[in-house]
There are 2 protein chains.
Amino acid sequence: MAYTHAIDETLIALADPTRRAILQRLRVGAMPVGVLAEGLPVSRPAVSQHLRILSNAGLLIVTPQGNRRLYGLAPTGMNGLRAYLDDLWGDALEAFAQAAHDLLKDDTHDT
Amino acid sequence: MAYTHAIDETLIALADPTRRAILQRLRVGAMPVGVLAEGLPVSRPAVSQHLRILSNAGLLIVTPQGNRRLYGLAPTGMNGLRAYLDDLWGDALEAFAQAAHDLLKDDTHDT
DNA sequence: ACTTACCGTAAGTCATAGCTTACGCTTTTG
DNA sequence: CAAAAGCGTAAGCTATGACTTACGGTAAGT
């Protein structure tokens with residue numbers, strides 16, 4: 001397993017609007033930092049910093065190509081977060097169903 | 001009734017470790033603020049503030065019961081975020097498959 | 001080999017998020 | 001009715017995060 005680069009980093013990475021804009025922009029495919037920065041309201045170094053965070057979170061794949069570095073979405077980057085959400089909300093749904101069941105207490109109960 | 005409480009709020013809500021601890025603690029079921037705070041390393045008012053953020057993000061359901069207020073996980077709270085991730089990463093996977101396909105069918109000769 | 005392009009990092013500034021203490025309101029209890 | 005319990009909110013402090021400009025290092029072009 002070890003899909004997870006630590007949920008913490010993934011969520012922090014996704015919590016920033018500029019970083020989400022970067023991800024949106026990468027949907028069409030990988031691109032170098034310069035091109036990426038042109039479509040964004042912040043400077044190129046700022047983009048570089050965001051890319052570092054996104055990469056550390058396992059959300060991006062970096063492909064050095066001579067002079068440039070191509071950044072693209074990592075296909076498995078979201079697996080850790082997904083697993084986390086599924087786990088957490090799985091229990092939540094169970095607890096909710098249980099509560100609803102308790103409220104309806106006119107049905108038979110079991111264990 | 002949009003699921004979307006704005007993914008912005010959802011992600012920011014999830015990005016904080018204390019708030020995730022709160023969610024974890026609520027997995028077993030709803031509970032009032034006081035009980036919730038006892039299991040956490042921060043003060044009760046701090047928990048209240050976090051609960052407000054989580055509620056605004058649509059992640060919690062509040063049930064006033066006389067003197068107290070019971071906080072529980074909202075079953076549909078994650079739907080918006082899930083949809084967002086599915087959409088974003090759906091395209092990412094397509095782009096990735098496309099790129100892989102391109103590489104196989106027409107190898108670029110460089111160097 | 002020199003110049004240009006591309007990129008990451010360092011240093012510094014400014015805004016914001018999270019915490020604590022203090023306070024006021026509402027509901028329960030004696 | 002008075003006292004206490006349970007919460008939310010305001011005010012203030014501090015740490016952290018996001019941005020900018022400046023700089024250095026490597027690859028490409030002439």
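Atoms considered below: every heavy atom in the structure, side chains included; atoms not considered: hydrogens, waters and symmetry mates. Every chain is numbered from 1 and lettered A, B, ... according to where its sequence line falls, protein lines coming before strand lines.
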Taking the side chain as every heavy atom from C-beta outward, state whether A/V35 and A/R68 have any atom pair closer than 4.5 Å. no
Looking at side-chain heavy atoms only, is the closest gap between A/L85 and B/L85 below 4.5 Å? yes
Can you tell me if A/R25 has over 12 outside heavy atoms packed within less than 6.0 Å of its CZ? yes
Where along nucleotides 1-17 of chain D does protein come under 4.0 Å, by heavy atom, of base (B) or sugar-phosphate alone (S), with - for untouched nucleotides? ----BSBBB-B------
By the definition side-chain contact (heavy atoms from CB on, under 4.5 Å), identify the one residue from A/L59, A/L73, A/L40 that meets it with A/I22. A/L40
Which heavy atom in [X] sits nearest to a heavy atom in [Y], and how many Å separate them?
{"X": "A/L36", "Y": "A/L51", "result": "CD2-CD2, 3.9 Å"}
{"X": "B/A15", "Y": "A/I12", "result": "O-CG1, 3.9 Å"}
{"X": "B/G58", "Y": "B/A74", "result": "O-CB, 3.5 Å"}

Sub-3.5 Å donor-acceptor pair from the side chain of A/R44 to the main-chain atoms of A/A37, do we have one? no
Quantified as the angle between the terminal helix axes (five pairs each), what is the overall bend of the helix from C/dA1-D/dT30 to C/dG30-D/dC1 to 10 degrees? 20°
Chain B contact limits on DNA chain C, taken 5' to 3' with a cut-off of 4.0 angstrom to heavy atoms: C/dG18 to C/dT28
Does the side-chain hydrogen bond (donor to acceptor under 3.5 Å, both in side chains) test come out yes or no for A/Q24 and A/R27, once each step is laid out? CA-CA 5 Å; A/Q24 291 285 354; A/R27 285 170 55 156; 3.0 Å; yes
A/R82 and A/D87 ion-paired at < 4.0 Å: no
